[in-house]
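The structure displayed is predicted, hence computed values, not measured ones. Keep in mind that the numbers below use all heavy atoms, side chains included, and drop hydrogens, waters and symmetry copies.
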Amino acid sequence: MSGPDDREEGPGLVSGLWRYPASSLAGQSVDEMAVDAAGAEGDRLFGLVDASTGEIASPDADRKWHGAPLIAARIGEGGGLEVMVPGGNWLPAPGEAADRAASAFLGFAASIRPYRQDRAREGIVAAPRYIKDPIHLLTTASLAEVRRLHPTGDPDTRRFRPNILVDLQPAAGRFPETEWVGRRIAIGALELTVTEACRRCGFTIIAQDGLANDPDILRTLVKHNAHNLGVYCAVTRPGRIRLGDAMRLIPQ
């Protein structure tokens with residue numbers, strides 16, 4: 001009798017790549033990116049904190065942080081972080097001007113700080129709220145399944161913040177990558193091991209640029225996929241990946 005692990009997916013194609021230079025801020029779409037054991041180049045190097053307490057941003061748990069995903073972040077041409085609040089200009093960060101803009105937008109004193117000690121100024125660093133394997137992968141098949149189950153909603157990719165989006169043929173009743181835990185994936189020269197499903201939180205439902213607040217997104221995932229969408233992956237073999245690269249499951 002066959003089970004989910006016996007069903008080999010046809011090759012998918014990479015249709016989206018993102019890095020998130022500052023956690024909780026909007027991601028940066030890219031055409032290609034290098035990936036090593038630590039994750040995507042330029043990904044999650046900085047955190048947004050409450051300057052008075054050092055608390056790291058938590059849009060899923062505290063409404064005061066709900067504006068964070070509306071702040072754009074990118075790695076600029078010079079290789080440094082730049083941020084932009086709605087209606088503002090790109091500003092280098094960490095820096096006083098960027099902190100003033102973020103604070104005015106959020107309504108309290110906030111600061112953008114590096115995670116790594118060797119990037120810190122005056123020893124002021126942010127601490128991640130949790131540590132997961134560095135690559136978050138999602139398929140269009142799973143997004144299509146959310147749309148099928150919740151037809152009035154908008155499960156836009158940005159809600160789920162993947163590093164890699166793979167275009168895969170949808171199949172009713174399936175979230176394919178959830179079935180891949182423990183499997184290896186090849187994308188060009190890159191090789192990943194799927195380590196665990198991505199358990200979703202309130203970050204998924206909050207309003208973002210062009211997206212309304214939608215609690216039924218999370219309710220759908222709780223009911224139909226044990227709270228999950230997408231998977232976390234460890235990097236087994238580093239490599240550079242590009243839009244259009246083929247993805248395949250490596251035979252067991």
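- In this structure, I217 CD1 and L149 CG are separated by 10.5 Å, a value rounded to the nearest 0.5 Å.
- Minimum heavy-atom separation, P162 to Y20: O-OH, 2.7 Å.
- Remark: I75 CD1 to D43 CG distance equals 9.0 Å, nearest 0.5 Å.
- No side-chain heavy atom of R200 sits under 4.5 Å from any side-chain heavy atom of N228.
- The closest donor-acceptor contact from the side chain of E196 to the backbone of Y232 lies at 3.5 Å or more, if one exists at all.
- Once rounded to the nearest 0.5 Å, the distance linking CG of D214 with CZ of R219 reads 8.5 Å.
- Judged as a side-chain hydrogen bond (donor to acceptor under 3.5 Å, both in side chains), and not counting sequence neighbours, the contacts of E177 are T139, S142.
- What you find for A234 and D133 is that their closest heavy atoms are CB-OD1, 3.8 Å.
- Using a 4.5 Å cut-off between side-chain heavy atoms of Ile, Leu, Val, Met, Phe, Trp and Tyr, with links allowed through other members, L192 and L17 fall into the same hydrophobic cluster.
- Between C198 and H136, some side-chain heavy-atom pair lies under the 4.5 Å cut-off.
- Although no hydrogens or angles enter the test, the distance criterion places no donor-acceptor pair under 3.5 Å between the side chain of D50 and the main chain of A110.
- Looking only at atom types and distance, the side chain of Q28 has a donor-acceptor partner in the side chain of R19 under 3.5 Å away.
- Under the 4.5 Å side-chain criterion, counting only non-hydrogen atoms from C-beta, V235 is in contact with L190.
- At distances below 3.5 Å, at least one donor-acceptor pair connects side-chain atoms of T140 with backbone N or O atoms of L168.
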task = Could you walk me through whether W18 and F160 pass the ring pair (Phe, Tyr, Trp, His ring centres under 6.0 Å) test, one step at a time?
result = CA-CA 11 Å; W18 289 269; F160 307 106; over 10 Å; no
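- A 4.5 Å side-chain heavy-atom check between L218 and H227 finds at least one atom pair inside the cut-off.
- No continuous path of ILVMFWY side-chain contacts below 4.5 Å connects I187 to L13, so the two sit in separate hydrophobic clusters.
- At distances below 3.5 Å, not a single donor-acceptor pair connects side-chain atoms of R240 with backbone N or O atoms of A189.
- The main-chain N or O of A207 is never found under 3.5 Å from a side-chain atom of H66 such that the two would form a donor-acceptor pair.
- Two residues are said to be in side-chain contact when any heavy atoms from C-beta on lie closer than 4.5 Å; E55 and D62 meet this criterion.
- No continuous path of hydrophobic side-chain contacts links L91 to L45 [ILVMFWY only; heavy atoms under 4.5 Å].
- The closest side-chain heavy-atom distance from P238 to V35 is not below 4.5 Å.
- Using a 4.0 Å cut-off between charged nitrogen and carboxylate oxygen, R184 and E191 count as a salt-bridge pair.
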Assess whether side-chain contact (heavy atoms from CB on, under 4.5 Å) is satisfied between T157 and L143, documenting all intermediate values.
CA-CA 8 Å; T157 309; L143 292 176; 3.5 Å; yes
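- Between T220 and N225, the closest side-chain pair of non-hydrogen atoms is not below 4.5 Å.
- For A197 against T178, the heavy-atom pair with the smallest separation is CB-CG2, 4.4 Å.
- Heavy atoms only, all atoms of each residue included: R158 and Q208 are closest at O-OE1, 3.7 Å.
- For A68 against L106, the heavy-atom pair with the smallest separation is N-CD2, 4.0 Å.
- The distance from the SG atom of C233 to the CD1 atom of I164 is 7.0 Å, given to the nearest 0.5 Å.
- More than 12 non-hydrogen atoms from other residues, nucleotides or ligands lie less than 6.0 angstrom from CG of N213.
- D209 CG: 12 or fewer foreign heavy atoms inside a 6.0 Å radius.
- Ion pairing of D156 with R159 is absent here, as no side-chain N (NZ or NE/NH1/NH2) approaches a carboxylate O to less than 4.0 Å.
- In this model, a donor atom of one side chain and an acceptor atom of the other lie less than 3.5 Å apart for S111 and D99.
- With hydrophobic clusters built from ILVMFWY side chains whose heavy atoms lie under 4.5 angstrom apart, F105 shares a cluster with F46.
- Following chains of ILVMFWY side-chain contacts shorter than 4.5 Å, one can reach L249 starting from V181, so the two form part of one hydrophobic cluster.
- Between S24 and P59, the shortest heavy-atom contact is OG-CD, 3.5 Å.
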For a side chain to side chain donor-acceptor pair (under 3.5 Å) check, start with the C-alpha distance between D60 and S58, then their side-chain angles and the critical distance, and finish with the verdict. CA-CA 5 Å; D60 58 313; S58 52; 4.9 Å; no
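- The shortest side-chain heavy-atom distance between E32 and L243 does not fall under the 4.5 Å cut-off.
- Atom CG of L221 and atom CD of E145 lie 10.5 Å apart (nearest 0.5 Å).
- A centroid separation of less than 6.0 Å is found between the aromatic rings of F108 and W65.
- In this structure, the separation between OG on S23 and CG on L48 is 9.5 Å, given to the nearest 0.5 Å.
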